Amino acid sequence: MRAVLCGYYGMGNGGDEALLATLLQMLPTGVTPVVLSGNPVETAQRYGVEAVPRKHLRAVIGALRGADALIWGGGSLLQDATSLQNPLYYSGLMVLAQWLGLKTVAWAQGIGPLNHQVSQWLGHYALSHCDGVSVRDSGSAAWLARWQVPGIQAPDPVWALAAAPVEGLWELPAPRVAVALRPHPWLTESRLDQITQALGAFQTATDTCLLLVPFQPVKDLPIAEYIQPRLPGPSHIYTLRDPSQLKGLFRGVEMTIGMRFHALIMAAAEGCRCFGLSYDPKVSYLMTDLDLPGFDLNPQALSADLSRRWPQSVDHMAKVWMDTYANGDPVSPDQIQSRYDRALMHQDLLRSLLAVQPQG
(Lines give C-alpha, C1' and ligand atoms only; values in the text may rest on other atoms or scores of the structure.)
Protein backbone atom coordinates (compact mmCIF):
# COMPACT_ATOMS: atom_id res chain seq x y z
CA MET A 1 0.00 0.00 0.00
CA ARG A 2 1.21 3.51 -0.86
CA ALA A 3 0.02 6.44 1.25
CA VAL A 4 0.51 10.13 0.47
CA LEU A 5 1.25 12.12 3.64
CA CYS A 6 0.07 15.71 3.58
CA GLY A 7 0.88 18.36 6.19
CA TYR A 8 3.03 21.42 6.78
CA TYR A 9 6.12 19.31 6.11
CA GLY A 10 9.47 20.48 4.80
CA MET A 11 8.80 24.06 5.89
CA GLY A 12 11.38 24.20 8.67
CA ASN A 13 8.88 24.06 11.55
CA GLY A 14 10.08 21.76 14.34
CA GLY A 15 6.56 20.99 15.55
CA ASP A 16 5.33 19.91 12.13
CA GLU A 17 8.50 17.91 11.53
CA ALA A 18 7.87 16.18 14.85
CA LEU A 19 4.36 15.30 13.68
CA LEU A 20 5.78 13.85 10.45
CA ALA A 21 8.41 11.85 12.36
CA THR A 22 5.70 10.50 14.67
CA LEU A 23 3.40 9.68 11.76
CA LEU A 24 6.20 7.73 10.05
CA GLN A 25 6.86 6.00 13.37
CA MET A 26 3.17 5.02 13.63
CA LEU A 27 2.55 3.87 10.05
CA PRO A 28 1.64 0.18 9.80
CA THR A 29 4.25 -2.18 8.39
CA GLY A 30 3.80 -2.55 4.65
CA VAL A 31 2.64 1.02 4.02
CA THR A 32 5.03 2.98 1.79
CA PRO A 33 4.86 6.74 2.48
CA VAL A 34 5.08 9.49 -0.13
CA VAL A 35 5.49 12.86 1.59
CA LEU A 36 4.27 16.16 0.14
CA SER A 37 7.01 18.56 1.22
CA GLY A 38 8.11 22.15 0.90
CA ASN A 39 11.67 20.83 0.65
CA PRO A 40 11.40 17.34 -0.87
CA VAL A 41 15.16 16.79 -1.16
CA GLU A 42 15.73 17.49 2.54
CA THR A 43 12.67 15.44 3.56
CA ALA A 44 13.79 12.47 1.49
CA GLN A 45 17.31 12.61 2.95
CA ARG A 46 16.23 13.08 6.58
CA TYR A 47 13.56 10.40 6.72
CA GLY A 48 14.56 8.03 3.91
CA VAL A 49 11.21 8.40 2.14
CA GLU A 50 9.94 9.40 -1.27
CA ALA A 51 8.97 13.07 -1.32
CA VAL A 52 7.40 15.39 -3.90
CA PRO A 53 6.95 19.19 -3.91
CA ARG A 54 3.72 20.08 -2.09
CA LYS A 55 2.77 22.99 -4.38
CA HIS A 56 3.67 21.33 -7.72
CA LEU A 57 0.22 20.38 -9.00
CA ARG A 58 1.34 17.82 -11.57
CA ALA A 59 3.63 16.08 -9.08
CA VAL A 60 0.91 16.05 -6.40
CA ILE A 61 -1.70 14.61 -8.74
CA GLY A 62 0.82 12.03 -9.94
CA ALA A 63 1.51 11.00 -6.35
CA LEU A 64 -2.21 10.68 -5.63
CA ARG A 65 -2.85 8.63 -8.77
CA GLY A 66 -0.12 6.22 -7.73
CA ALA A 67 -1.37 5.87 -4.14
CA ASP A 68 -4.03 3.96 -2.24
CA ALA A 69 -4.54 6.44 0.60
CA LEU A 70 -4.07 10.06 1.65
CA ILE A 71 -3.24 10.86 5.27
CA TRP A 72 -3.99 14.49 6.09
CA GLY A 73 -1.57 14.47 8.89
CA GLY A 74 -1.30 16.38 12.05
CA GLY A 75 -1.37 19.92 13.34
CA SER A 76 -3.45 23.05 12.87
CA LEU A 77 -4.08 22.57 9.16
CA LEU A 78 -7.80 23.28 9.07
CA GLN A 79 -7.79 26.90 10.24
CA ASP A 80 -8.03 30.29 8.57
CA ALA A 81 -6.46 32.46 11.28
CA THR A 82 -3.21 32.74 9.33
CA SER A 83 -4.66 32.53 5.81
CA LEU A 84 -7.72 31.38 3.91
CA GLN A 85 -5.29 29.42 1.73
CA ASN A 86 -4.86 26.78 4.45
CA PRO A 87 -8.40 25.32 4.34
CA LEU A 88 -8.56 25.79 0.56
CA TYR A 89 -5.33 23.85 0.00
CA TYR A 90 -5.78 21.04 2.51
CA SER A 91 -9.53 20.53 2.14
CA GLY A 92 -9.20 20.77 -1.65
CA LEU A 93 -6.46 18.13 -1.63
CA MET A 94 -8.57 15.83 0.54
CA VAL A 95 -11.61 16.22 -1.72
CA LEU A 96 -9.45 15.56 -4.79
CA ALA A 97 -8.13 12.35 -3.20
CA GLN A 98 -11.70 11.30 -2.40
CA TRP A 99 -12.79 11.92 -6.00
CA LEU A 100 -9.84 9.78 -7.15
CA GLY A 101 -11.10 6.93 -4.98
CA LEU A 102 -8.33 6.96 -2.35
CA LYS A 103 -8.93 5.99 1.24
CA THR A 104 -8.66 9.25 3.21
CA VAL A 105 -7.67 9.78 6.85
CA ALA A 106 -7.68 13.06 8.78
CA TRP A 107 -5.04 12.30 11.41
CA ALA A 108 -4.41 14.17 14.67
CA GLN A 109 -6.09 17.31 13.42
CA GLY A 110 -6.29 20.62 15.22
CA ILE A 111 -9.42 22.29 13.85
CA GLY A 112 -10.02 26.04 14.09
CA PRO A 113 -10.22 28.90 14.28
CA LEU A 114 -12.54 28.88 11.25
CA ASN A 115 -13.88 32.39 10.77
CA HIS A 116 -15.07 32.16 7.16
CA GLN A 117 -18.12 30.26 5.97
CA VAL A 118 -16.23 28.84 3.00
CA SER A 119 -13.61 27.39 5.39
CA GLN A 120 -16.31 25.81 7.51
CA TRP A 121 -18.13 24.36 4.50
CA LEU A 122 -14.95 22.93 2.96
CA GLY A 123 -13.77 21.48 6.27
CA HIS A 124 -17.14 19.93 6.96
CA TYR A 125 -17.37 18.43 3.48
CA ALA A 126 -13.84 17.01 3.48
CA LEU A 127 -14.01 15.52 6.97
CA SER A 128 -17.48 14.06 6.53
CA HIS A 129 -16.23 12.05 3.54
CA CYS A 130 -13.11 10.70 5.29
CA ASP A 131 -12.73 7.03 6.15
CA GLY A 132 -11.36 7.96 9.55
CA VAL A 133 -10.83 11.11 11.64
CA SER A 134 -8.81 11.79 14.78
CA VAL A 135 -8.37 15.13 16.54
CA ARG A 136 -6.04 16.23 19.31
CA ASP A 137 -8.03 18.57 21.56
CA SER A 138 -11.50 19.34 22.88
CA GLY A 139 -11.93 22.42 20.67
CA SER A 140 -11.42 20.31 17.55
CA ALA A 141 -13.73 17.63 18.91
CA ALA A 142 -16.38 20.33 19.34
CA TRP A 143 -16.15 21.11 15.60
CA LEU A 144 -16.69 17.42 14.79
CA ALA A 145 -19.71 17.33 17.10
CA ARG A 146 -21.13 20.48 15.51
CA TRP A 147 -20.73 18.93 12.06
CA GLN A 148 -21.91 15.48 13.23
CA VAL A 149 -18.70 13.92 11.90
CA PRO A 150 -17.61 10.77 13.77
CA GLY A 151 -14.05 10.76 15.05
CA ILE A 152 -11.80 10.07 18.01
CA GLN A 153 -10.06 12.56 20.30
CA ALA A 154 -6.61 11.71 21.65
CA PRO A 155 -3.58 13.69 22.84
CA ASP A 156 -1.19 15.08 20.25
CA PRO A 157 0.86 12.23 18.71
CA VAL A 158 4.16 13.93 19.62
CA TRP A 159 3.59 12.70 23.19
CA ALA A 160 4.62 9.31 21.75
CA LEU A 161 7.59 10.48 19.64
CA ALA A 162 10.82 8.74 20.57
CA ALA A 163 13.38 11.21 21.99
CA ALA A 164 17.09 11.21 21.09
CA PRO A 165 20.06 12.64 23.05
CA VAL A 166 21.54 16.02 22.13
CA GLU A 167 25.31 16.21 21.79
CA GLY A 168 26.92 18.78 24.07
CA LEU A 169 23.80 19.52 26.12
CA TRP A 170 25.17 18.09 29.35
CA GLU A 171 28.36 20.14 28.98
CA LEU A 172 26.38 23.36 29.38
CA PRO A 173 26.03 24.80 32.91
CA ALA A 174 23.16 23.43 34.99
CA PRO A 175 20.43 24.06 35.90
CA ARG A 176 19.02 24.83 32.45
CA VAL A 177 15.79 26.60 31.41
CA ALA A 178 14.46 26.54 27.82
CA VAL A 179 12.68 29.42 26.10
CA ALA A 180 10.71 28.85 22.87
CA LEU A 181 9.17 32.03 21.43
CA ARG A 182 7.71 32.74 18.00
CA PRO A 183 6.72 35.93 16.19
CA HIS A 184 3.09 37.01 16.48
CA PRO A 185 1.27 40.35 16.24
CA TRP A 186 0.51 40.12 19.98
CA LEU A 187 4.20 39.70 20.76
CA THR A 188 4.87 43.39 20.25
CA GLU A 189 8.27 45.05 20.50
CA SER A 190 7.44 46.35 23.96
CA ARG A 191 6.32 42.91 25.13
CA LEU A 192 9.47 41.30 23.74
CA ASP A 193 11.52 43.86 25.67
CA GLN A 194 9.49 43.05 28.78
CA ILE A 195 10.12 39.32 28.34
CA THR A 196 13.83 39.92 27.71
CA GLN A 197 14.23 42.03 30.85
CA ALA A 198 12.21 39.52 32.89
CA LEU A 199 14.39 36.66 31.62
CA GLY A 200 17.45 38.63 32.71
CA ALA A 201 16.03 39.16 36.20
CA PHE A 202 14.95 35.51 36.37
CA GLN A 203 18.40 34.30 35.30
CA THR A 204 20.16 36.49 37.86
CA ALA A 205 17.91 35.23 40.64
CA THR A 206 18.10 31.53 39.73
CA ASP A 207 21.65 31.27 38.34
CA THR A 208 20.37 29.23 35.39
CA CYS A 209 21.64 28.68 31.86
CA LEU A 210 19.02 29.76 29.32
CA LEU A 211 18.53 27.67 26.18
CA LEU A 212 16.83 29.62 23.40
CA VAL A 213 15.07 27.15 21.09
CA PRO A 214 13.80 28.45 17.72
CA PHE A 215 11.33 25.78 16.56
CA GLN A 216 11.07 27.42 13.14
CA PRO A 217 14.46 29.11 12.75
CA VAL A 218 13.53 31.21 9.72
CA LYS A 219 10.91 32.92 11.91
CA ASP A 220 12.03 32.34 15.51
CA LEU A 221 15.80 32.75 15.27
CA PRO A 222 15.75 36.59 15.08
CA ILE A 223 13.89 36.64 18.41
CA ALA A 224 16.47 34.37 20.02
CA GLU A 225 19.30 36.47 18.58
CA TYR A 226 17.66 39.63 19.97
CA ILE A 227 17.34 38.16 23.47
CA GLN A 228 20.70 36.38 23.85
CA PRO A 229 23.11 39.36 23.99
CA ARG A 230 20.85 41.04 26.57
CA LEU A 231 21.07 38.15 29.05
CA PRO A 232 23.37 38.54 32.06
CA GLY A 233 24.34 34.86 32.33
CA PRO A 234 25.20 31.81 30.21
CA SER A 235 22.97 30.96 27.27
CA HIS A 236 22.91 28.88 24.11
CA ILE A 237 20.77 28.94 20.95
CA TYR A 238 19.70 25.48 19.75
CA THR A 239 18.53 25.15 16.14
CA LEU A 240 17.95 21.40 15.98
CA ARG A 241 16.64 19.87 12.75
CA ASP A 242 16.03 16.34 14.03
CA PRO A 243 12.60 16.19 15.76
CA SER A 244 13.72 13.38 18.08
CA GLN A 245 16.69 15.46 19.24
CA LEU A 246 14.44 18.48 19.63
CA LYS A 247 12.32 16.45 22.04
CA GLY A 248 15.40 14.99 23.73
CA LEU A 249 16.68 18.50 24.46
CA PHE A 250 13.99 18.95 27.12
CA ARG A 251 15.22 15.89 29.02
CA GLY A 252 18.12 18.05 30.24
CA VAL A 253 16.00 21.07 31.17
CA GLU A 254 14.42 22.03 34.51
CA MET A 255 11.74 24.39 33.13
CA THR A 256 10.41 25.61 29.80
CA ILE A 257 8.82 28.97 29.02
CA GLY A 258 7.06 28.45 25.71
CA MET A 259 4.78 29.98 23.13
CA ARG A 260 5.37 27.08 20.75
CA PHE A 261 2.71 24.40 21.23
CA HIS A 262 5.03 21.47 20.61
CA ALA A 263 7.74 22.93 22.83
CA LEU A 264 5.29 22.66 25.73
CA ILE A 265 4.25 19.12 24.75
CA MET A 266 7.84 17.93 24.36
CA ALA A 267 8.88 19.56 27.63
CA ALA A 268 5.91 18.12 29.53
CA ALA A 269 6.50 14.67 28.04
CA GLU A 270 10.13 14.75 29.22
CA GLY A 271 9.18 15.65 32.80
CA CYS A 272 10.05 19.35 32.62
CA ARG A 273 8.16 22.14 34.43
CA CYS A 274 6.24 24.24 31.90
CA PHE A 275 5.03 27.83 31.69
CA GLY A 276 2.83 28.69 28.70
CA LEU A 277 2.53 31.93 26.76
CA SER A 278 -0.71 31.47 24.85
CA TYR A 279 -1.30 33.11 21.47
CA ASP A 280 -3.69 30.49 20.09
CA PRO A 281 -6.60 28.33 21.33
CA LYS A 282 -4.49 25.17 20.91
CA VAL A 283 -1.99 26.48 23.49
CA SER A 284 -4.81 27.48 25.84
CA TYR A 285 -6.43 24.02 25.51
CA LEU A 286 -3.09 22.39 26.35
CA MET A 287 -2.51 24.66 29.35
CA THR A 288 -6.00 23.84 30.65
CA ASP A 289 -5.59 20.10 30.00
CA LEU A 290 -2.27 19.93 31.86
CA ASP A 291 -3.13 22.64 34.42
CA LEU A 292 -0.07 24.64 33.37
CA PRO A 293 0.61 28.15 34.65
CA GLY A 294 0.92 30.80 31.98
CA PHE A 295 0.04 34.17 30.50
CA ASP A 296 -2.35 34.99 27.64
CA LEU A 297 -0.91 37.28 24.97
CA ASN A 298 -4.33 38.20 23.59
CA PRO A 299 -4.87 41.83 24.66
CA GLN A 300 -8.64 41.29 24.44
CA ALA A 301 -8.58 38.25 26.72
CA LEU A 302 -9.96 39.07 30.13
CA SER A 303 -9.62 35.64 31.66
CA ALA A 304 -11.56 34.93 34.83
CA ASP A 305 -8.28 33.47 36.04
CA LEU A 306 -6.37 36.61 36.99
CA SER A 307 -3.08 34.70 36.99
CA ARG A 308 -3.39 34.22 33.21
CA ARG A 309 -3.64 37.94 32.41
CA TRP A 310 -0.56 39.51 30.88
CA PRO A 311 1.50 41.16 33.66
CA GLN A 312 2.01 44.89 33.63
CA SER A 313 5.57 44.89 34.97
CA VAL A 314 8.89 43.16 34.38
CA ASP A 315 9.23 42.45 38.10
CA HIS A 316 5.87 40.69 38.30
CA MET A 317 6.64 38.54 35.25
CA ALA A 318 10.04 37.51 36.61
CA LYS A 319 8.56 36.79 40.06
CA VAL A 320 5.91 34.45 38.62
CA TRP A 321 8.57 32.57 36.64
CA MET A 322 10.77 32.30 39.74
CA ASP A 323 7.84 30.92 41.73
CA THR A 324 7.11 28.33 39.02
CA TYR A 325 10.78 27.38 38.89
CA ALA A 326 11.07 27.02 42.67
CA ASN A 327 7.66 25.61 43.58
CA GLY A 328 5.99 24.38 40.38
CA ASP A 329 5.54 20.70 39.62
CA PRO A 330 6.14 18.97 36.32
CA VAL A 331 3.41 16.82 34.83
CA SER A 332 3.32 13.63 36.88
CA PRO A 333 4.70 10.34 35.49
CA ASP A 334 1.16 8.91 35.57
CA GLN A 335 -0.15 11.84 33.51
CA ILE A 336 2.70 11.46 31.03
CA GLN A 337 2.09 7.72 30.69
CA SER A 338 -1.64 8.29 30.25
CA ARG A 339 -1.09 10.78 27.43
CA TYR A 340 1.51 8.55 25.81
CA ASP A 341 -0.88 5.60 25.88
CA ARG A 342 -3.82 7.59 24.57
CA ALA A 343 -1.70 9.25 21.86
CA LEU A 344 -1.30 5.73 20.45
CA MET A 345 -5.01 5.86 19.55
CA HIS A 346 -3.87 7.80 16.48
CA GLN A 347 -1.70 4.79 15.60
CA ASP A 348 -4.59 2.39 16.19
CA LEU A 349 -6.70 4.40 13.73
CA LEU A 350 -4.02 4.04 11.04
CA ARG A 351 -3.67 0.33 11.69
CA SER A 352 -7.40 -0.27 11.51
CA LEU A 353 -7.75 1.58 8.18
CA LEU A 354 -4.45 0.83 6.45
CA ALA A 355 -3.65 -2.70 7.57
CA VAL A 356 -2.03 -4.57 4.70
CA GLN A 357 -3.63 -7.98 4.22
CA PRO A 358 -1.18 -10.88 3.83
CA GLN A 359 -1.28 -12.58 0.45
CA GLY A 360 -1.68 -16.25 -0.28
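All residue numbers refer to positions in the sequence shown, counting from 1. Note that the structure is a prediction, hence the values are computed from the model and not measured. Side-chain atoms are counted along with the backbone in the values below, which use heavy atoms only and exclude waters and symmetry mates.
Under the 4.0 Å criterion applied to side-chain N and carboxylate O atoms, E17 and R241 are not assigned as salt-bridge partners.
Residues T206 and V177 fail the side-chain proximity criterion, which asks for heavy atoms closer than 4.5 Å. Counting only heavy atoms from C-beta outward, the side chains of V34 and V49 never approach each other to under 4.5 Å. A heavy-atom distance below 4.5 Å is found between the side chains of P87 and L78. Considering only heavy atoms from C-beta on, L19 comes within 4.5 Å of V158 through its side chain. Within the 4.5 Å cutoff, no side-chain heavy atoms of M287 are placed close to those of F295. Taking the side chain as every heavy atom from C-beta outward, H124 and R146 never approach each other to under 4.5 Å. V35 places none of its side-chain heavy atoms less than 4.5 Å from the side chain of V4. Using a 4.5 Å cut-off on side-chain heavy atoms (C-beta onward), E254 and R273 make contact.
Among residues two or more places apart in sequence or in another chain, the side chain to side chain donor-acceptor pair (under 3.5 Å) test is passed with Q45 by none. Qualifying side-chain contact (heavy atoms from CB on, under 4.5 Å) partners for D220, counting only residues two or more places apart in sequence or in other chains: R182, P183, P214, F215, Q216, R260. Evaluation of the salt bridge (charged side-chain N to carboxylate O under 4.0 Å, His left out) rule for R2 yields E50 as partners, not counting sequence neighbours. With sequence neighbours excluded, no residue satisfies salt bridge (charged side-chain N to carboxylate O under 4.0 Å, His left out) with D137. Taking the ring pair (Phe, Tyr, Trp, His ring centres under 6.0 Å) definition, one finds that Y125 meets it with W121, H129, sequence neighbours left out. Every residue two or more places apart in sequence or in another chain that forms a salt bridge (charged side-chain N to carboxylate O under 4.0 Å, His left out) with D289 is listed here: R339. With sequence neighbours left out, D207 forms a side-chain contact (heavy atoms from CB on, under 4.5 Å) with no residue at all. Looking at residues two or more places apart in sequence or on another chain, you find a ring pair (Phe, Tyr, Trp, His ring centres under 6.0 Å) between Y279 and H184. With sequence neighbours left out, R251 forms a salt bridge (charged side-chain N to carboxylate O under 4.0 Å, His left out) with E270. Residues that satisfy the ring pair (Phe, Tyr, Trp, His ring centres under 6.0 Å) test with Y47, not counting sequence neighbours, are absent from this structure.
Proximity of a side-chain donor or acceptor of T256 to a complementary backbone N or O of G258 within less than 3.5 Å is not detected. Not a single donor-acceptor pair under 3.5 Å links the side chain of K282 to the backbone N or O of G112. Listed for the Q194 side chain is no donor-acceptor partner under 3.5 Å among the backbone atoms of E189. Side chain of H56 to backbone of A59: a donor-acceptor contact under 3.5 angstrom is found. Judged purely by atom type and a 3.5 angstrom limit, Y238 has no side-chain atom pairing as donor or acceptor with the backbone of A178. Under the 3.5 Å distance criterion, the side-chain polar atoms of S278 are left unmatched by any main-chain donor or acceptor of D296. Between the S244 side chain and the A162 main chain, a donor and an acceptor come within less than 3.5 Å of each other. A donor-acceptor contact shorter than 3.5 Å links the side chain of D80 to the backbone of N115.
Between the CZ atom of R191 and the CE atom of M317 there is a distance of 8.0 Å, given to the nearest 0.5 Å. One distance of note links CG of D193 with OH of Y226; it measures 3.5 Å at 0.5 Å rounding. The CZ atom of F250 lies 8.5 Å from the SG atom of C274; values are rounded to the nearest 0.5 Å. Atoms OG and CD1, on S235 and I237 in that order, are 7.0 Å from each other to the nearest 0.5 Å. Considering CZ of R342 and CD of Q337, their distance stands at 11.5 Å, rounded to 0.5 Å. In this structure, CG in L264 is found 8.5 Å from CG in L290, a value given to the nearest 0.5 Å.
Between the side chains of T208 and Q203, not a single donor N or O lies within less than 3.5 Å of an accepting N or O. Side-chain contact of S76 with R136: a donor-acceptor pair under 3.5 Å is present, judged by distance alone. Checked by atom type, the side-chain pair D156/H346 shows no donor-acceptor distance below 3.5 Å. At a cut-off of 3.5 Å, with distance as the only test, no side-chain donor of Q120 or W143 sits close to an acceptor on the other residue.
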Candidate pair V149 and V133, rule side chain to side chain contact (heavy atoms under 4.5 Å, CB included), full reasoning: CA-CA 8 Å; V149 172; V133 178; 4.3 Å; yes
Audit row: Y8, L77, side chain to side chain contact (heavy atoms under 4.5 Å, CB included) steps and yes/no: CA-CA 8 Å; Y8 196 64; L77 304 180; 4.3 Å; yes
Verdict with reasoning, D16 to M11, per side chain to side chain contact (heavy atoms under 4.5 Å, CB included): CA-CA 8 Å; D16 292 288; M11 305 299 287; over 6 Å; no
Check against side chain to side chain contact (heavy atoms under 4.5 Å, CB included), L96 and L102: CA-CA 9 Å; L96 175 60; L102 277 68; over 6 Å; no
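L93 and L64 make their closest contact through CD1-CD1, 4.1 Å (heavy atoms, listed as atom of the first residue, atom of the second, distance). Nearest heavy-atom pair across L187 and M259 is CD2-SD, 4.0 Å. Between L212 and A224 the shortest heavy-atom distance is CD1-O, 3.4 Å. A343 approaches W159 most closely through the heavy-atom pair CB-CB, 4.1 Å. Contact record, L349 with A106: CD2-O, 4.5 Å, taken as the closest heavy-atom pair. Of all non-hydrogen atoms in P157 and A108, the two that sit nearest each other are CG-CB, 3.3 Å.
Linking Ile, Leu, Val, Met, Phe, Trp and Tyr residues whenever their side-chain heavy atoms come within less than 4.5 Å leaves W72 and M26 in two separate clusters. In the hydrophobic cluster analysis, where Ile, Leu, Val, Met, Phe, Trp and Tyr join through side-chain heavy atoms closer than 4.5 angstrom, M94 is grouped apart from L20. Both V179 and L246 are assigned to one and the same hydrophobic cluster, defined by single-linkage of ILVMFWY side chains at heavy-atom distances under 4.5 Å. If you chain together hydrophobic residues whose side chains sit under 4.5 Å apart, L114 and V95 never meet in one group.
Sorted by first and then second residue, the side-chain hydrogen bond (donor to acceptor under 3.5 Å, both in side chains) pairs with a member in residues 92-110 read Q98-T104; sequence neighbours excluded.
Evaluated for a side-chain contact (heavy atoms from CB on, under 4.5 Å) with S91, the options V118, L122, L127 yield exactly one hit, L122.
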Output side-chain donor-acceptor pairs under 3.5 Å for residues 319-330, partner residues at least two apart or in another chain, one line each.
residue	atom	partner	partner atom	Å
D323	OD1	N327	ND2	2.7
T324	OG1	V320	O	3.0

